[in-house]
Amino acid sequence: MADAASADASANGAPQSVAEDVARLADVLAKASVVPSPAAPISARRVGKKGKATKGNLVTAPKNSVSQTQTPSLSDVQRTVSGVLGKGTSASITGDDLGWSADSLVSGNLALSADGLTATGTGASGHKAHAGAKQDAQYGGVVGAVRFSPHSGTHHFSIFVRDPIDDAYWIGICYPEEAGFFPDVPPKSNPHCIVWSGGSGSSGGRPGTVRLHSEKFREQPRYSDQAVVGIVVDTDVGDLSFWINGSQVIEFSGSTAGKVCAPFFSCTGSVAGPAATLMRWPLARDYSSANSDRAAAALEGASANMAGTVEIDGSILEGGGQVLRVSLAAAALTQTPIHVTRIRAGRGNPGLGHQHATGARLVAQGCGAVIEPESLLYGAHLEGVTTMRLWPGVRGVEGGRFVADTQSAGAVTLLLQAALPCFLMGQPREDVHLELRGGTNVRGAPSIEYFQHVLVPLIERMGVRTGSISTDVVSRGWYPTGGGEVRVLISPACRLNPLVLVERGEITKVRGVVVASLLARKHAKAAAEFARQAICETFDGKVLPSQVSVRILLEESLPTSQDRTCEQQESSSSEADDRKAPTFKQRRQMAKERAAMTDAAMQCQLILTTTTGAVHAADCLLETAKNRGAVDPTDLANTAVKRLAESWGSRGCVDEHTMDQLILFMALAHGRSEVLCNAESSISSLHLTTAIHFTTMLTGATFNVTTNADGTRHVSCLGVGWVNE
């Protein structure tokens, strides 16, 4: 039979390798008694009543068939073969390149067939999850026995789908050798896989969903029961694609670059019956040659660009996210390709976080860049990735509307650190509208009030027209849910004048704002009053009570992040027994209650200005989500005032945090900028040195930092005279 199939395949022009595989699969049908006789050829036709073609299993060719046989189609043969796989009858095609790995099963939520080709949900509950897990496994997962190493060519496999569950049945690939990978972790929490759920299956039902490194991509194609899904992994260029019935339906370019991949099946553990049969996909070999040209072109293009690429070591100096933000902004403006390695190696959780990946994507979109990993452009956050390449587009920065969503409490002001220089100075023709979503008032980042009332006025002193950078806070985002939204309108500037700020002057006013979440609003009035009194007492003789003002900004309703949190935390009701699963309304209410217990937060932002334009800022943020205690308005106000007094006592014109954010703008200015920075204090770090180092590397500007006798630092820069035209 194999000879007959091969001969027929050759006669029809099919590649010999494909014909051999089809014959091999057909032989399995014969051994499993799916066809009457091993000698009887397999017909590609499905025959119904009166000899008409219809949907159904393969049958032998009718006696009156003109041709003895035709080469069976891939989907026909595989659909029939899959009907008997997993029952111990497929020993003739099992091997190292087929089947699931029994060693990867860490809970009892899935069981393997005797031949190892089929994994089936058991419906059992109470199974222990992987070592270190805090609760029983809600999902079961299994990894393919084969591994696909980087730059090892194109690999293909297929999965026969049985009894899929919308949003709870996932097939695709995983990275089994990455630290932190566990098969039983649900895909929405698993950054080490790319998997596809087929939706409700019917044409009018819910569409499918892809989880790319845990990020959710809605409105994807569907698949249904007994579908044969082909999956192709091109390890040379990092492409991943999904196929149905010989047609490509989904592709993620560059999403697996540099990864060791393997087939992956993940399914809820609460329902019995869902199954996935893993087998080779022979016809996919036809697509290898087409991709090989692209792989060669990509490698050739990468080699050609290497000569002009600047290597950025993300571990030196500050060793955190600022290295990436400064490098991205400067590279996009100067159209310099960069290769960033060891990203955030100086942090306890090295690699990209949501905020860093979102900022990189925003800059790449703005300057029309090619970025690696390419999946960043699809919205993936690639948490933990430590290497990135950026090739800015030849047309420079473009205007228009951009949306950047960290899908976390990642600070929107840190997104602006990377994006603002690009959009302000990168193109003179079109306004830029940014919708930034994430945290507006979170720890470890400037508040949105700081951006509005400290950084923007200083940039306007450099010749940017007042109102060219405007912000509208639509909603607040707090730790841990985020969900804040800020809309920023940027009108491009033609050039920047040098910034000269070397005389402190006398205090003219101290302004403050107390921002409170819904659950902390009752403390806001007390915090504002304590702050006003503490300022008057601390700066007695230097500021009059009439020069002190503290505003209160309150949330009027639950932020939009609550609804997003509900969407992320709810799952299909079919994931659990209908008699035990909470209703949709109950899940929504529980999500709101959980958010209410962790979202009480309040921030006091203080800003001191002088007769010469010097500005000092300090803040204090209290979050019950982190300290698990009540918000103390007295402590909030006193801490903010003490920090402001320390900054003023450091005798500079700006505090150190403000200084490092001005570095890139000083480098772009025409002429020499000079700023007197505070002496080292409790907030001192390597951020300033880091900003100067990488700005100099990528722009060619010359900086000089001199420490005065009183500890203040005189920062001067001869700008490159950037012209936005």
Side-chain angles (χ1 to χ4, degrees), residues 316-323 325-327 329-330 333-334 413-414 416-418 420-421 424-425 446 450-451 454-464 495-505 607-618 643-644 646-722:
I316 67 173
L317 298 174
E318 181 262 345
Q322 192 195 36
V323 176
R325 291 188 291 271
V326 172
S327 299
L333 275 174
T334 60
T413 52
L414 296 184
L416 284 166
Q417 281 188 14
L420 180 60
L424 182 66
M425 302 301 299
Y450 169 92
F451 177 81
V454 177
L455 187 61
V456 170
L458 286 171
I459 295 173
E460 290 175 346
R461 283 176 60 107
M462 302 180 75
V464 175
R495 54 178 284 166
L496 293 176
N497 299 327
L499 176 63
V500 179
L501 194 56
V502 293
E503 298 292 335
R504 282 218 307 173
I607 302 167
L608 179 154
T609 54
T610 73
T611 53
T612 62
V615 58
H616 290 259
R643 291 173 179 173
L644 183 66
E646 181 187 20
S647 179
W648 177 251
S650 298
R651 299 175 293 279
C653 294
V654 298
D655 61 83
E656 192 172 314
H657 287 168
T658 301
M659 186 72 250
D660 70 68
Q661 296 179 65
L662 294 172
I663 292 300
L664 183 53
F665 296 101
M666 293 168 63
L668 300 175
H670 290 251
R672 183 174 295 279
S673 297
E674 298 181 68
V675 180
L676 185 65
C677 178
N678 274 354
E680 292 189 3
S681 64
S682 62
I683 68 168
S684 293
S685 66
L686 291 174
H687 280 73
L688 176 57
T689 306
T690 301
I692 291 175
H693 175 81
F694 289 104
T695 299
T696 300
M697 177 186 297
L698 291 165
T699 66
T702 303
F703 283 86
N704 184 45
V705 180
T706 304
T707 303
N708 300 320
D710 60 358
T712 57
R713 288 159 286 180
H714 184 272
V715 182
S716 64
C717 173
L718 181 60
V720 297
W722 183 266

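Counting begins at 1 with the first residue of the sequence. The figures here come from the full heavy-atom set of this structure, side chains too, leaving out hydrogens, waters and symmetry mates. Every value quoted in this text rests on a predicted model; they were computed, and no experiment measured them.
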State the CG-NE2 distance between Asn704 and His714, to the nearest 0.5 angstrom.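 Answer for the CG-NE2 pair, Asn704 versus His714, is 8.5 Å.
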CE/Met659 to SG/Cys677 distance, rounded to the nearest 0.5 angstrom?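 Rounded to the nearest 0.5 Å, the CE-SG separation comes out at 6.0 Å.
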If every non-hydrogen atom of [X] is compared with every non-hydrogen atom of [Y], which pair is closest and at what distance?
X: Gly505; Y: Trp648; answer: O-CH2, 3.9 Å
X: Met462; Y: Ala669; answer: CE-CB, 4.0 Å
X: Cys717; Y: Ala667; answer: SG-CA, 3.8 Å
X: Ile316; Y: His693; answer: CD1-NE2, 3.7 Å
X: Ala418; Y: Ala329; answer: O-CB, 3.3 Å

Test log, rule side-chain contact (heavy atoms from CB on, under 4.5 Å), inputs Val326 and Ile663: CA-CA 9 Å; Val326 172; Ile663 292 300; over 6 Å; no
Under 3.5 Å, is there a donor-acceptor pair between the Asp660 and Thr690 side chains?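 Result is no, nothing qualifies.
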[X] side chain near [Y] side chain, heavy-atom distance below 4.5 Å:
X: Phe665; Y: Leu458; answer: no
X: Arg461; Y: Leu501; answer: yes
X: Leu420; Y: Ile459; answer: yes
X: Thr658; Y: Tyr450; answer: yes
X: Leu414; Y: Pro446; answer: yes
X: Thr699; Y: Trp722; answer: no
X: Thr689; Y: Glu318; answer: no
X: Leu333; Y: Leu668; answer: yes

Would you say the side-chain atoms of [X] pair up with the backbone N or O of [Y], donor to acceptor, closer than 3.5 Å?
X: His616; Y: Gly652; result: yes
X: Thr712; Y: Arg651; result: no
X: Ser716; Y: Glu674; result: no
X: Gln417; Y: Thr413; result: no
X: Ser684; Y: Ser681; result: yes

side-chain contact (heavy atoms from CB on, under 4.5 Å) evaluation trace for Val615 with Asp655: CA-CA 8 Å; Val615 58; Asp655 61 83; over 6 Å; no
For Leu676 and Asn708, run side-chain contact (heavy atoms from CB on, under 4.5 Å): C-alpha distance rounded to whole Å, both residues' side-chain angles, the deciding distance at 0.1 Å, then the answer. CA-CA 10 Å; Leu676 185 65; Asn708 300 320; 3.5 Å; yes
Would Ser647 and Asn678 count as a side chain to side chain donor-acceptor pair (under 3.5 Å) if you check the C-alpha gap in whole Å, the side-chain angles of each, and the deciding distance to 0.1 Å? CA-CA 7 Å; Ser647 179; Asn678 274 354; 3.1 Å; yes
With side-chain contact (heavy atoms from CB on, under 4.5 Å) as the criterion, how do Leu688 and Arg713 come out once you've worked through the C-alpha distance, each side chain's angles and the decisive distance to 0.1 Å? CA-CA 11 Å; Leu688 176 57; Arg713 288 159 286 180; 4.2 Å; yes
